[in-house]
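Here is the structure we will look at.
Protein chains get the first letters and strands the later ones, always in sequence-line order, with residue 1 at the start of each. For clarity, every value in this text was computed on a predicted model and none was experimentally measured.
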Amino acid sequence: MTADYDFASAEPHWQRIWDERGCFAVADDDPGDTRTKYYVLEMFPYPSGKIHMGHVRNYTLGDVVARLRRAQGHAVLHPMGWDAFGLPAENAARERGVHPADWTWGNIAHMRAELKRMGLSIDWSREFATCDPAYYGQQQRLFLDFLRAGFAERRDAWVNWDPVDGTVLANEQVIDGRGWRSGAPVEKKKLSQWFLRITDEAPALLAALDGLDRWPARVRQMQANWIGRSEGAEIEFPLDQPEGAITAVEVYSTRPDTLFGMSFLAISPEHPLAAAVAARDPATAAFIAECRRLGTSEAAIEAAEKRGHDTGLRVRHPFLPDASFPVWIANFVLMEYGTGAVFGCPAHDQRDLDFVRRYGLPVVPVVLPPGADAARFAIDDVAYTGPGTIFHSDFLDGLDVDAAKRAAIAALEARGSGRGVVNWRLRDWGVSRQRYWGCPIPVIHCAACGIVPVPVAELPVVLPHDVDFSRPGNPLDLHPSWPNVACPSCGGPARRETDTFDTFVDSAWYFARFASPHAAEPVRRAAADRWLPVDQYIGGIEHAILHLLYSRFFTRAMRATGHVGLDEPFAGLFTQGMVTHASYRAADGGWLYPEEVDLRADGGAVERAGGGAVTVGRVEAMSKSKRNTVDPGAIIARYGADTARWFILSDNPPERDMEWTETGVAGAWRFVRRLHRLVEAIAVLPAAPKPDRFGAAATALRRTTHRSIAAVSAALDSFAFNVAVARIHEFASALADAEMADAAEPGLAWARREAGATVALLIGPMMPHLAETLHAALNPSAGTLIAELPWPEADPELLEQQSVTIAVQIMGRLRGTVAMPPDAPPEAVIAAAASEDNVARLLAGKRIVKRIHVPNRIVNFVVTG
RNA sequence: GCCCAGGUGGCGGAAUUGGUAGACGCGCAGGUUUCAGGUACCUGUGGCCGCAAGGCUGUGGAAGUUCGAGUCUUCUCCUGGGCACCA
């Protein structure tokens, strides 16, 4: 009888050994290392205070990949760092009087210790935090390069202003008209801001998605939708009477084929023409004010409500010299998209139709659906947007929709009143934030010289430590001395930029910094060339658009400025599911933590303290507000890191949401002990040279061993970690069977030692500590580590089957099975199948019209009568 | 509204990509061990009929292709996610 596996002493022991031996360290650039590189990266954490189960899942998945690739002979880069700037640190400062830096560094220290207890194969010598001047100073340098190369610019722009956080938000950070973090309705404000010109890269970013064949299709789809390419025409509509300096309205349309169906022109309330009319017309001004008051969020709620205001202006039609159309201001026209103006063709656009039904404007159908009667076709309440033949449209008559688009664009271009254009939904990336805890934007504003970049020699621009959070607003702006500097250009008094970068800038290049984390430049080129791209990136689907798109853009800008030599940062992407848990409510409606609840066998639950009634709620993503969280630290203390890792991997496929259950972890812990006991029993067997002869049980075990190698390798290679776990369970059952077999059988002891050594190697990526413990037990004096041993190879001879089970069907229904040698001649297989007892009984009196034989799989008799 | 995923036992999920559906785990039932057990081990476990042999049925639903469909085709229902006055 052996003692239970003592993970509490084994896990720290192996972690120390790995650390002492430097098992996971790699060089930035070592020409002597001829191994193929493999860069595994999990999205780095925000140091919020404690790690949560989502982190545990993320880093477990990455560690399996890293350890597997290392064993398979790759030089593996597997780093860790901290996405350490951000608003929660400032909130902590305002709410609790802790300095953001102290709060952040304290959290990092705590979370680093927690992560280390997981036994991850990380090269900790590469660790950095984005709030360290050593990192953000290099980011400032990158920005100056981008500025020089034209990737960054400052301009006035309508911005999304979050009134609660008191800062600007990128379009990507506005969700349903509300700030992504505060949830407050976003306001429109015009401010001078720094922008990164991501729209210049829109065509390249879209085109390159096709090459990302190791990305999930849906992430590529989401990015493509976000970039939002559309083809159409820009059309100029001259005003009948000029409005001040404005003589025409420019419109973007994807449907120039429907120009003859126009009944009005609509402009956005923010359009310059609207402002010009409002300057002289109070009714127009009132309508614009009302639109602004309703704001984005109200507009979202009342999405169906189309409102308009007739300006009294009229425009001329490019193809109808005698006709003119009214110009309306309409609340559904967005200034941000296209030109901020549309021509309304109500017959073939639902919004336009809703609008004219409200305001009584005409509806002229110009696309005739296939098979419809031109004399009787009419539009009712539903616009027709499908294919068809153009009619009522002069020179476009008879063309189909696509041909008419081309013809209309050609005619517009010929007349000089329009042209074909490609439009993008993607906006430039506003990166200015009115915050303290972020990377200072390294420029200086000089009254005489304008915007002056901080000289590289003066970088980093370091955040001042002595800031005052007692007043609202940006503490940098309020700082008594920090903003005041001499202009680097003229030496006169000047003022620092007090905005800091959006934290998405910090995470848009950190993967490149990991290649040479201590370099005196942003990225050392040789190191970047050695390690980039990231071969396998792993993280949550919530970053499918923002972070991944920004990183792709940054990589292109870094290439253009000579920092890296590639376009795409992430060759492979894996998006993991969330960790969920049932939620519990006490009788008074308050949420309860899982450890406050006792589950009963009938599925009900009671409060552990007092036995009060508990309602078991939905299984949903772990969140503090629902209290359905499980603390990884407590789980690791109770069961060990390997058990937690094993459960996370075994429950379900990693891309899906997994449910954390107490019974599941307990089951994983049971298996850990079972495997430990099985291998301990093997470790006491005498070691002996490989025998010449193996008995039946020994041979069966050896076949299982080598089949397990093949099956587990295939499963791990394809991210089917739950299947790998299942195969190891089967392997363990075979180990238990061998324990019961006749010990005197030739070769059994050797086969069992082989099996034990193999199982230790196979669990290595998933349960690294247990693997080392088993390996050490089997090889007490070897001094080798699983972490340094190569991945096992399956012996092809032992993978060959001596016998295959052939399913026998009659009319496609299973009626029996027969065992045959592999690749037996078809006639022999069919004869054996036909004489199987049950099959023979059912075939009696029937005429066989066809015999189907699929080698090593199936025989099917097609019969009549 | 548009675009993605996904519907398989009581539960999580397997299924060599058209060839024995339900691997493996959880749960449950029966048993063995134990002073005891939130222990360990063994056996069983899709549903219906049957003592059994075996039969029928079964992968959200309907139709189709095929000797054979969880897998392919068409339609349809449901669930989850993303986007959305995008002209």
What integer distance in Å separates A:Asp651:CG from B:C11:C1'?
-> 10 Å
Should B:U71 be called syn or anti, with syn set as within 90° of 0?
-> anti
NA contact type, A:Pro216, heavy-atom cut-off 4.0 Å: base, sugar-phosphate, or nothing?
-> nothing
Roughly how far apart, to the nearest Å, are B:G9 and B:G18 at atom C1'?
-> 24 Å
Taking A:Gln576 as the fixed residue, which of A:Asp657, A:Thr60, A:Leu61 is the one that meets the side-chain contact (heavy atoms from CB on, under 4.5 Å) rule?
-> A:Leu61
Interatomic distance at P, B:G10 relative to B:C49, whole Å = 16 Å
Classify the nucleic acid contact of A:Gln221 as base, sugar-phosphate or nothing, counting any heavy atom under 4.0 Å across all strands shown.
-> sugar-phosphate
Hey, can you tell me if A:Trp328 and A:Tyr359 have their rings parallel, tilted or perpendicular (30° and 60° cut-offs)?
-> tilted
If B:C86 has a Watson-Crick or G-U wobble mate with both distances under 3.5 Å, name it; if not, just say none.
-> none
For A:Ile852 and B:U66, give me the distance from atom CD1 to atom C1', rounded to whole Å.
-> 9 Å
Mind checking A:Asn860 for me? I need base, sugar-phosphate or nothing, with any heavy atom below 4.0 Å counting as a touch.
-> base
Relative to the ring of A:Phe721, is the ring of A:Phe719 parallel (under 30°), tilted (30 to 60°) or perpendicular (over 60°)?
-> tilted
Phosphate-side-chain proximity, A:Tyr252 and B:A87, N/O vs OP1/OP2 below 4.0 Å = no
Would you indicate, yes or no, if B:G55 has its OP1 or OP2 atom less than 4.0 angstrom from a side-chain nitrogen or oxygen of A:Asn838?
-> yes
Please work out if A:Arg229 contacts a base, only the sugar-phosphate, or nothing of the nucleic acid, heavy-atom cut-off 4.0 Å.
-> nothing
Mind checking the P distance from B:C75 to B:C24? Whole angstroms is fine.
-> 39 Å
Could you measure between the two P atoms, the one in B:C83 and the one in B:U74, and give it in whole Å?
-> 28 Å
Separation of B:C67 P from A:His853 NE2 (nearest whole Å) | 18 Å
When only distance counts, do a donor and an acceptor, one from the side chain of A:Arg857 and one from the base of B:U20, lie under 3.5 Å apart?
-> no
Parallel under 30°, tilted from 30 to 60°, perpendicular over 60°: which one fits the rings of A:Phe671 and A:Trp646?
-> parallel
Atom NE2 of A:His676 and atom P of B:U39 are separated, to the nearest Å, by 20 Å
For atom CG of A:Leu649 and atom C1' of B:A14, their distance in whole Å = 17 Å
Counting just side-chain N and O atoms, does A:Arg727 come under 4.0 Å of either OP1 or OP2 of B:A14?
-> no
Pairing partner of B:G44, by Watson-Crick or G-U wobble and under 3.5 Å for both distances, is B:C28
Shortest side-chain distance from A:Arg813, nucleotide among B:U57, B:G19, B:C86 = B:U57
Looking across every strand, which nucleic acid part, if any, lies under 4.0 Å from A:Arg351 by heavy atom: base, sugar-phosphate, or nothing?
-> base
Does A:Asn722 put a side-chain nitrogen or oxygen below 4.0 Å from OP1 or OP2 of B:G12?
-> no
Using a strict 4.0 Å threshold on nitrogen-to-oxygen distance, state whether A:Arg677 and A:Glu680 make a salt bridge.
-> no
Taking the chi torsion of B:G12, is it syn (within 90° of 0) or anti (everything else)?
-> anti
Phosphate oxygens OP1/OP2 of B:C83: is one of them under 4.0 Å from a side-chain N or O of A:Asn225?
-> no
What integer number of Å spans the P atoms of B:A84 and B:U73?
-> 31 Å
With heavy atoms under 4.0 Å as the rule, sort A:Arg815 into base, sugar-phosphate or nothing.
-> sugar-phosphate
Return the nearest nucleotide to the side chain of A:Arg425; candidates are B:A87, B:A84, B:U20.
-> B:A84
Residue-phosphate contact under 4.0 Å: A:Arg670 side-chain N/O, B:G27 OP1/OP2 = yes
With respect to the phosphate group of B:C41, does any side-chain polar atom (N or O) of A:Arg677 fall under 4.0 Å of OP1 or OP2?
-> yes
Would you check, one step at a time, whether the test side-chain hydrogen bond (donor to acceptor under 3.5 Å, both in side chains) holds for A:Asn856 with A:Asp823?
-> CA-CA 6 Å; A:Asn856 300 326; A:Asp823 304 317; 2.9 Å; yes
B:G70: pairing nucleotide in any strand, Watson-Crick or G-U under 3.5 angstrom = none
Carboxylate-amine/guanidinium contact A:Glu290 A:Arg307, below 4.0 Å | yes
Examine B:G12: is either OP1 or OP2 under 4.0 Å from a nitrogen or oxygen in the side chain of A:Arg656? Give yes or no.
-> no
Remember a base hit wins even if backbone is also touched, and classify A:Thr817 as base, sugar-phosphate or nothing at under 4.0 Å, heavy atoms.
-> base
Taking the side chain of A:Val862 as heavy atoms from C-beta outward, which of B:C67, B:C26, B:G12 is closest to it?
-> B:C67
Base, sugar-phosphate, or nothing: which does A:Val849 touch, judged by heavy atoms less than 4.0 Å apart?
-> nothing
For the side chain of A:Lys850, counting heavy atoms from C-beta on, which of B:G19, B:C67, B:U39 is nearest?
-> B:C67
Just call it for A:Ser733: base, sugar-phosphate, or nothing, with non-hydrogen atoms closer than 4.0 Å on any strand.
-> nothing
Any strand is fair game: report the nucleotide pairing with B:A53 by Watson-Crick or G-U wobble, both distances under 3.5 Å, or none.
-> none
If you measure from the C1' atom in B:A40 to the same atom in B:U34, how many Å do you get, rounded?
-> 9 Å
Closest to the A:Val723 side chain, choosing from B:A14, B:U20, B:A87 = B:A14
Complementary nucleotide for B:U16 - Watson-Crick or wobble, under 3.5 Å | none
Counterpart base for B:A5, defined by Watson-Crick or G-U wobble contacts under 3.5 Å | B:U79
Would you call A:Glu662-A:Arg638 a salt bridge at under 4.0 Å N-O?
-> yes
Pairwise C1' distance, B:U79 and B:A15 [rounded to whole Å] = 23 Å
Provide, to the nearest angstrom, the distance between the CH2 atom belonging to A:Trp226 and the P atom belonging to B:C86.
-> 14 Å
Applying side-chain hydrogen bond (donor to acceptor under 3.5 Å, both in side chains), run through A:Tyr337 and A:Ser230 and close with a yes or a no.
-> CA-CA 11 Å; A:Tyr337 188 78; A:Ser230 81; 3.2 Å; yes
Among B:A40, B:C67, B:G55, the one nearest A:Arg841 by side-chain distance | B:G55
Could you give the distance separating B:G19 and B:G68 at their P atoms, to the nearest angstrom?
-> 15 Å
Paired to B:U65 by Watson-Crick or G-U wobble criteria (both distances under 3.5 Å) is none
Spacing of A:Met222 atom CE relative to B:A84 atom P, expressed in whole Å | 11 Å
Return the orientation label for the A:Trp669 and A:Phe7 ring planes: parallel under 30°, perpendicular over 60°, tilted otherwise.
-> perpendicular
Taking OP1 and OP2 of B:G25, is either one under 4.0 Å from a side-chain nitrogen or oxygen of A:Arg674?
-> no
In the strands shown, is B:G38 matched to any nucleotide by a Watson-Crick or G-U wobble pair with both distances under 3.5 Å, and which?
-> none
A:Asp837 CG - B:A52 P separation (whole Å) = 20 Å
